[in-house]
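Below, chains carry the letters A, B, ... as their sequence lines are ordered, and counting in each starts from 1.
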Amino acid sequence: MKRRSFLKGTLATGATAVAVNAGLLTPSTVLADWNSKAFKAKKIDDAIASMFGSSSTSNSGDIILKAPSIAENGAVTPVTVDVSKMSGVESIAIFASKNPLPLVCEYSFAGPAIGYVSARIKMGETQNVMAIVKAGGKLLKTEQEVKVTIGGCGG
Amino acid sequence: MSIKIRMRGKTKGGIADIKALIKHPMESGVRVDKKTGKPFPAKFIDTVEVTVNGKKAVDAQWSGAVSANPYMGIRIKAEKGDEININLSDNTGDKGSKKIKLK
């Protein structure tokens, strides 16, 4: 069994290497770099700084952050960030303040995209969900507490 | 192995509502196997790219804290018949892509 999976693994990596060498994978199919420094940061401020280059944020009432006040299952917490009425939105990032690695996801927009994101995230315990929006070079922030009841009735 | 994606898009008043469901375990690398005491190896989608008629619209970066079988909802200015393309890859190099025409 082990031998089989090992062979499979080597074959698969071999095939990708060949594809790259043969120029089958054109640069356009290679996706943007993953910001490992921001995603591995254990403190929320460090994560913001590595992602956006600055950790100074200001609270904004214009960000519509939709998250449940009580999440029965923290592993699937629906979160929606809507800034479609705001102009010059460059990116939206979602943070879970008490997760071991706070940065959950980051979306950057170009051309025809509208500042709207809906996602489902994992939350280990009761904590704040934070949305950071970069618009017109400024970092705007809003947050909301989500109570996580593990195996509870959700009451 | 390619990653399975289901995607739908509908336009209304020049704005397309695009919803994608992706089949993926999204193992964060933090969760510990109680039997062995070792963490499960990380396997999660880290980069996602959405294009409209070949032009880049949304670039996303994810961590392992995005739920298993991720859902992504985005909105793009687009018309009926426009081609939406999604490309994604995970930290182990698995890739997935899907192309749809807007309804």
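Of the atoms belonging to B:Leu21, it is side-chain heavy atoms, and not backbone ones, that fall under 4.5 Å from chain A. Heavy atoms of A:Thr77 lying under 4.5 Å from chain B belong exclusively to its backbone. Only the side chain of B:Val52 comes within contact range of chain A, with heavy atoms under 4.5 Å apart. Proximity to chain B is limited to the backbone of A:Ala75, based on heavy atoms less than 4.5 angstrom apart. Looking at A:Phe39, only its side chain comes within 4.5 Å of chain B, counting heavy atoms on both sides.
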>> With side chain to side chain contact (heavy atoms under 4.5 Å, CB included) as the criterion, how do B:Met72 and A:Arg120 come out once you've worked through the C-alpha distance, each side chain's angles and the decisive distance to 0.1 Å?
In response: CA-CA 8 Å; B:Met72 179 173 79; A:Arg120 296 192 302 212; over 6 Å; no
> When you look at A:Leu103 and B:Ser63, which way does the side chain to side chain contact (heavy atoms under 4.5 Å, CB included) test go after all the steps?
Replying inline: CA-CA 7 Å; A:Leu103 178 54; B:Ser63 76; 5.8 Å; no
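Using a distance-only test at 3.5 Å, with no hydrogens or angles considered, no donor-acceptor pair links the side chain of B:Lys55 to the main chain of A:Gly111. B:Thr47 places no side-chain N or O within 3.5 Å of a backbone atom of A:Trp34 that could act as its donor or acceptor partner.
Among residues 56-65 of chain A, no residue has any heavy atom closer than 4.5 Å to a heavy atom of chain B.
Cluster membership for A:Val83 and A:Tyr116, using ILVMFWY side-chain heavy atoms within less than 4.5 angstrom, is not shared. By the rule that hydrophobic residues join a cluster once side-chain heavy atoms approach within less than 4.5 Å of another member, A:Val76 and A:Val146 end up as members of separate clusters. Clustering ILVMFWY residues whenever any of their side-chain heavy atoms sit less than 4.5 angstrom apart, transitively, puts B:Met7 in the very cluster that holds B:Leu102. Residues A:Leu139 and A:Met86 share a single hydrophobic cluster, defined by chaining ILVMFWY side chains whose heavy atoms lie under 4.5 Å apart. Under a hydrophobic-cluster definition in which Ile, Leu, Val, Met, Phe, Trp and Tyr are linked whenever side-chain heavy atoms come within less than 4.5 Å, directly or via other members, A:Leu101 and A:Ile94 are assigned to different clusters.
Taking CG from B:Asp59 and CZ from A:Phe109, the interatomic distance works out to 10.5 Å, rounded to the nearest 0.5 Å. For the atom pair A:Ser108 OG and B:Lys56 NZ, the distance stands at 7.5 Å (nearest 0.5 Å). Taken to the nearest 0.5 Å, the CD1 atom of A:Ile121 stands 14.5 Å off from the OH atom of B:Tyr71.
Contacts with chain A were tallied for B:Ala57, B:Pro70, B:Ala68; B:Ala57 has the most, counting heavy-atom pairs under 4.5 Å. Note: B:Ala65 leads B:Ala78, B:Ala65, B:Ala60 in heavy-atom pairs under 4.5 Å with chain A. With chain B as partner, the option from A:Gly115, A:Pro112, A:Pro78 having the largest number of non-hydrogen pairs under 4.5 angstrom is A:Pro112.
For the pair B:Val66 and A:Cys105, the tightest heavy-atom approach, listed with the atom from each and the gap, is CG2-CB, 4.1 Å. Among all heavy-atom pairs drawn from B:Val30 and A:Pro100, the shortest one is CG1-CG, 4.3 Å. Residues B:Gly64 and A:Lys122 approach most closely at O-NZ, 2.8 Å, considering heavy atoms. Minimum heavy-atom separation, B:Arg75 to A:Asp82: NH1-OD2, 4.3 Å.
Within the 4.5 Å cutoff, side-chain heavy atoms of A:Ile114 are placed close to those of B:Ile15. Between A:Met51 and B:Gln61, some side-chain heavy-atom pair lies under the 4.5 Å cut-off.
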